[in-house]
Q: 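This structure is in structure tokens; I'll ask about it shortly.
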Amino acid sequence: MQSTIFRADAVLFDMDGTLTDSIAAVEAAWGAVAIDLSLDPETVIAATHGKRAIDNLAFYRPDIKAHEMDAAVEAFEQSILDFADSFKKREARRLSSGESSAGFSARAGSDSGESTPVLSPTSAFSSRSGSLSTPSSFTDPSTGLRRPSFATRLSDILASALPEESSAPVFDESPDTDYIADDVQKKPAEADIEAAWEMEADAVDRSIRILPGVKDMIACIPDGRYAVATSGAKTYAYGAMTRVGITPPPVTITADDKRLKAGKPAPDPFLLAASCLGFDAKRCVVFEDSPSGIRAGVASGATVIAVCTSHERAKIEGCGAHFVVNDMRKVRCRTEGKGATAQLVFTVEH
């Protein structure tokens with residue numbers, strides 16, 4: 001372990017996976033999109049991380065017209081917040097009604113008005129859609145434990161939820177798993193998967209959390225010396241930060257900012273954030289967690305500190321970051337000087 005000290009003028013934070021952990025809610029939201037489109041959820045989840053919802057929706061939903069895109073993005077990002085909030089809302093309702101969690105029916109719960117987002121009734125499952133690739137998993141920074149991915153949790157709940165005589169679809173590595181049913185009636189496998197989706201959504205606490213070291217880092221930086229540049233649109237970005245006690249700074253660049261010509265991995269979000277703060281991006285520090293965000297930070301000319309909070313170190317080490325650390329607790333910051341000439345002094349343990 002060695003320490004490196006350097007100076008900078010300002011800090012540009014990514015949000016999701018860097019300041020906040022809402023990966024479970026984001027994963028569920030993109031998983032829902034994937035299943036609605038008969039795609040492999042794990043593939044879609046991996047491909048969309050760190051990129052703007054508008055870019056992802058344009059790719060996966062080319063049927064959305066240009067004038068409908070803003071509303072589609074807002075609806076999608078609201079679904080992330082709904083997934084994040086649903087567990088606590090349901091628990092509160094269960095406690096107030098005296099209902100036990102064990103006896104709670106996911107299907108019954110979806111009539112309450114506070115349900116988790118459900119699959120669209122037009123979902124169609126192809127022969128490939130029942131086969132999920134080997135799931136990636138993420139380490140929960142608060143416990144150090146691996147969190148099972150969407151595919152693992154969905155398979156487990158589907159297996160346990162069906163009657164004993166039923167045969168539950170298994171989500172594994174095989175590309176040949178096939179479910180065929182008469183088109184005249186709803187496919188049994190489709191109904192089973194939808195039920196399991198809702199049960200899995202009920203069972204998992206996807207609350208948004210602040211990541212380790214973030215509070216202390218923000219507290220060390222003077223006002224006007226830091227910004228947020230996120231791939232999330234305003235609904236999601238502001239909603240996520242306020243849920244964990246972070247006040248969105250005056251310079252918060254979101255994906256729906258009309259001044260942006262491109263999102264990450266292009267450097268535009270960081271360049272715009274630095275410009276709004278009044279500093280050269282080359283004199284800024286970028287904190288990022290995703291490969292696309294790291295590349296955006298590097299392209300901006302900033303000093304990039306990558307945090308291993310959503311990806312394994314091996315997956316981000318080759319993206320060009322100047323430093324790779326486990327989380328923000330490995331970085332210290334102090335202010336040297338006052339006013340316009342003040343500098344931020346960073347110490348990175350790496």
Q: Decide, yes or no, whether a salt bridge links Arg332 with Glu349 under the criterion of side-chain N to carboxylate O below 4.0 Å.
A: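 Salt bridge: yes.
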
Q: Testing the 3.5 Å rule here: is there a donor-acceptor pair between the side chains of Asp289 and Thr309?
A: no

Q: Of Trp30, Tyr236, Tyr60, Phe83, which meets ring-ring contact (aromatic ring centres under 6.0 Å, His included) against Phe76?
A: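 Option passing the ring-ring contact (aromatic ring centres under 6.0 Å, His included) with Phe76: Trp30.
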
Q: Please tabulate, one pair per line, all N/O donor-acceptor pairs under 3.5 Å involving side-chain atoms of residues 273-285, not counting sequence neighbours.
A:
from	atom 1	to	atom 2	distance (Å)
Asp280	OD1	Lys282	N	2.9
Arg283	NE	Asp9	OD2	3.3
Arg283	NH2	Asp9	OD1	3.4

Q: Do Ser310 and His49 have side chains that approach each other closer than 4.5 Å (heavy atoms only, starting at C-beta)?
A: yes

Q: Any side-chain to backbone donor/acceptor pair from Glu77 onto Ala233? Under 3.5 Å, distance only.
A: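 Between the backbone of Ala233 and the side chain of Glu77 there is a qualifying donor-acceptor contact (under 3.5 Å).
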
Q: Who pairs with Tyr226 by ring-ring contact (aromatic ring centres under 6.0 Å, His included), at least two apart in sequence or on another chain?
A: none

Q: Between Leu81 and Thr235, is there a side-chain heavy-atom distance shorter than 4.5 Å?
A: yes

Q: Is the shortest side-chain heavy-atom distance between Asn326 and Arg313 below 4.5 Å?
A: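 Yes, their side chains come closer than 4.5 Å.
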
Q: For Phe6, what residues pass the ring-ring contact (aromatic ring centres under 6.0 Å, His included) criterion, not counting sequence neighbours?
A: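 So Phe6 forms a ring-ring contact (aromatic ring centres under 6.0 Å, His included) with Phe323, Phe346.
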
Q: Would one find more than 12 heavy atoms of other residues, nucleotides or ligands at under 6.0 Å from atom CD of Glu74?
A: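 No, CD of Glu74 has 12 or fewer neighbouring heavy atoms, counting only those of other groups under 6.0 Å.
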
Q: Is Glu317 reaching over with its side chain to a backbone N or O of Ala314, donor-acceptor style, under 3.5 angstrom?
A: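 No.
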
Q: For Thr230 and Asp14, indicate whether the former's side chain and the latter's backbone hold a donor-acceptor pair under 3.5 Å.
A: no

Q: Would you mind reporting whether Val324 and His350 have side-chain heavy atoms less than 4.5 Å apart?
A: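 The answer is no; the side chains never approach within 4.5 Å.
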
Q: Please identify each residue that fulfils ring-ring contact (aromatic ring centres under 6.0 Å, His included) with Phe287, with sequence neighbours left out.
A: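 Partners of Phe287 by the ring-ring contact (aromatic ring centres under 6.0 Å, His included) criterion, ordered by chain and then number, come out as Phe13.
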
Q: Does the side chain of Val348 reach to within under 4.5 Å of the side chain of Val325, using non-hydrogen atoms?
A: yes

Q: Keeping the roles fixed (side chain from Lys264, backbone from Ala229), state whether a donor-acceptor pair exists under 3.5 Å.
A: yes

Q: Got a salt bridge between Asp21 and Arg206, using NZ or NE/NH1/NH2 to carboxylate O under 4.0 Å?
A: no

Q: For Asp205, is there an ion pair with Arg209 - N to carboxylate O distance below 4.0 angstrom?
A: yes

Q: Just distance, no hydrogens or angles: give the donor-acceptor pairs under 3.5 Å from side chains in residues 239-248, sequence neighbours left out.
A:
from	atom 1	to	atom 2	distance (Å)
Thr242	OG1	Tyr238	O	2.8
Thr242	OG1	Gly239	O	3.2
Arg243	NE	Asp85	OD1	3.0
Arg243	NE	Asp85	OD2	3.3
Arg243	NH1	Gly239	O	3.1
Arg243	NH2	Asp85	OD2	2.7

Q: Does any part of the side chain of Leu260, heavy atoms only, come nearer than 4.5 Å to the side chain of Ile253, both counted from C-beta?
A: yes

Q: Could you pull out every donor-acceptor pair under 3.5 Å between side chains of residues 293-306 and any protein atom, sequence neighbours left out?
A:
from	atom 1	to	atom 2	distance (Å)
Ser300	OG	Gly297	O	2.6
Ser300	OG	Ala302	N	3.3

Q: Judged by modelled atom types alone, do Arg61 and Asn56 share a side-chain donor-acceptor pair under 3.5 Å?
A: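 Looking only at side-chain atoms, Asn56 and Arg61 do not form any donor-acceptor pair under 3.5 Å.
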
Q: Main chain of Leu344, side chain of Arg334: is a donor-acceptor contact present, judged purely on distance under 3.5 Å?
A: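 No.
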
Q: Are Ile221 and Val286 connected in the hydrophobic side-chain network, where two residues link if heavy atoms are under 4.5 Å apart?
A: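 No, because Ile221 and Val286 fall into different hydrophobic clusters, even though each may have its own neighbours under 4.5 Å.
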
